[in-house]
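Below: one structure, written as structure tokens.
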2 protein chains.
Amino acid sequence: MSTVGKAISLLELFSIDTPELGLTDIARRSGYDKATTRRLLVSLADHGFIEQDPVARLYRLGPGLTRLARIREARFPFLQTSLPYIRELAVSTAETVHLSEASNGSLLTVYVEHPARANRVNVNLGELLPLHSTASGIAFLAHARELVRRSALAQPLAAFTAHTVTDPALLQAQVEAASGRGYSVSDQGYEDGVASVAAAILGADGHAIGTLAVAAPLVRTDSATSAERGEAVAAAAREITEKLTGERYETVRHRSST
Amino acid sequence: MSTVGKAISLLELFSIDTPELGLTDIARRSGYDKATTRRLLVSLADHGFIEQDPVARLYRLGPGLTRLARIREARFPFLQTSLPYIRELAVSTAETVHLSEASNGSLLTVYVEHPARANRVNVNLGELLPLHSTASGIAFLAHARELVRRSALAQPLAAFTAHTVTDPALLQAQVEAASGRGYSVSDQGYEDGVASVAAAILGADGHAIGTLAVAAPLVRTDSATSAERGEAVAAAAREITEKLTGERYETVRHRSST
DNA sequence: AATGATGGTTCAAATAATGAGCCAAAAAAA
DNA sequence: TTTTTTTGGCTCATTATTTGAACCATCATT
């Protein structure tokens, strides 16, 4: 792997649950030598991507990331635009709502809102979602670039639960259904006992740039509530798309075929 | 420079004004070879730090940054906590308000709010502020770790304008004045015609982790307005500190001496 | 058709990264 | 207290990665 890749992989060891780590810990988790790890950390710290607690000597993600993220958001206000809709959905459905962004062939969870109830679906910020077994993934494929969709369907489809769709033809059907309906549905495709719906948010060229999803425990889901959530998610995704592109949803959507 | 440093320096070429760049452009601005530049970009893109517009082939900052920034913010909600206070200050002062964060011995501008008027002070997101010649820098030094303050005072003090304080003893006096008053004042120390006030935001250990500043054109500033802005900025910084640490400001503040 | 951009690629030479082993200091254990 | 273990940090000969001149393909302009 490139040195740059190694350095970045160190950053990816940090998460909501482990926001601070010691040198030895980082070295062990990354698999790199302690000296190498430290050198990489120092390089990252030089640019504010990592900072070290001066007293505990633990490392954590640095402010340089916040700065660059804001520059990106200024050009591409994906999260900012979506936030109010996520909040509204979280209130109206009282279930977990999460926003994902396409990032080199995967879906990256950029934001999550959990309901204040004991039995809920937990989605971790920063989690990578498989394209074939989540509502988000299917919604994304329904509006992905032809090439992306093909390669996703051609790959071996890992079974996460007994309900995961592993037959490419079935998956294709689900993707088409999502395309027609405006939202996708996943019944325990990724985790047992979880039912999700999702809709794609489109970029100016008509292809999906991310997805908005509602995930609920199966016990609170039947076909009526699922459809209700689906419609709500689809409506929100449509509005976000319009805000981002400044054009009517149908106009944007039909651009993907040209 | 380390390869990692080179890669990150590519990211730093992007700004609010130039959010998208072509390969040749990036190579020219960074000074690296085109092949090298591309290899670095690909490494960065592999981790979502850079993404390439599939049609225009321009590069821009990627969603991976947003994700990591959110992980940091979850642990360290500096920006999020400060935002409402910045907004309020922007309204009440009708001048430029900016928030900076300490990042390896420098102050990094993380957020800026500009007033909607023609004659205003422009501060760029992502800008690095010198410690000795800006209100932010002085406020920071007033609450910095002893070692940091010493080394800042020991360094040669560059003169940005005719008004920049370059005498260490005078600077020391300004820092002490800021410490006593609760906010710092800079009269054209960094740019001609600009008067600023700033206050430090403290971390749990009582040392400054960032600063909040109001910058205004000299023509709209006299000692009364300056004091008014100073008090406002100091009050906001105090409240942000309390929100972040969950303790009374005085308690936090006195911890820095132990 | 020629020109001058652009993005992207190759491979021997040059350079930077690597990691075993060392040190000092701080915790943890005796 | 003293001893042991663990931690962060550092060095330098070996090794693997990075580098960049030269190259190609494509597109827009002349």
For A:Leu41 and C:dA17, what is the distance between atoms CG and C1' respectively, to the nearest whole Å?
15 Å

So that I can tick it off, tell me whether A:Arg29 and A:Asp25 are bridged by a salt bridge, with the cut-off set at under 4.0 angstrom between side-chain N and carboxylate O.
yes

Taking the nucleotide of DNA chain D with the nearest heavy atom to each, does B:Asp33 or A:Lys6 sit closer to the 5' end?
A:Lys6

Residue pair A:Ala35/A:Ser2 against DNA chain D: nearer the 5' end by closest nucleotide is A:Ala35

Determine, for A:Glu51 against A:Arg60, whether the closest basic-nitrogen to carboxylate-oxygen distance falls under 4.0 angstrom.
yes

Is the distance from the ring center of B:Phe160 to that of B:His132 below 6.0 Å?
yes

For a 4.5 angstrom cut-off between non-hydrogen side-chain atoms, does B:Pro77 reach B:Leu244?
yes

Pairing of B:Glu127 and A:Arg67 as salt bridge, 4.0 angstrom limit:
no

Going 5' to 3' along nucleotides 2-7 of chain C, which nucleotides have protein heavy atoms under 4.0 Å from the base (write B), which only from the sugar-phosphate (write S), and which from neither (write -)?
----SB

Side chains of B:Ser43 and A:Ser2 only: does a donor on one sit below 3.5 Å from an acceptor on the other?
yes

Answer yes when B:Arg238 and B:Glu242 have at least one side-chain N-carboxylate O distance shorter than 4.0 Å, and no when they do not.
no

How would you give the extent of chain B contacts on DNA chain D, as first and last nucleotide 5' to 3' within a 4.0 Å heavy-atom cut-off?
D:dT18 to D:dA21

Does the pair B:Glu146/B:Arg149 count as a salt bridge with the N-to-O cut at 4.0 Å?
yes

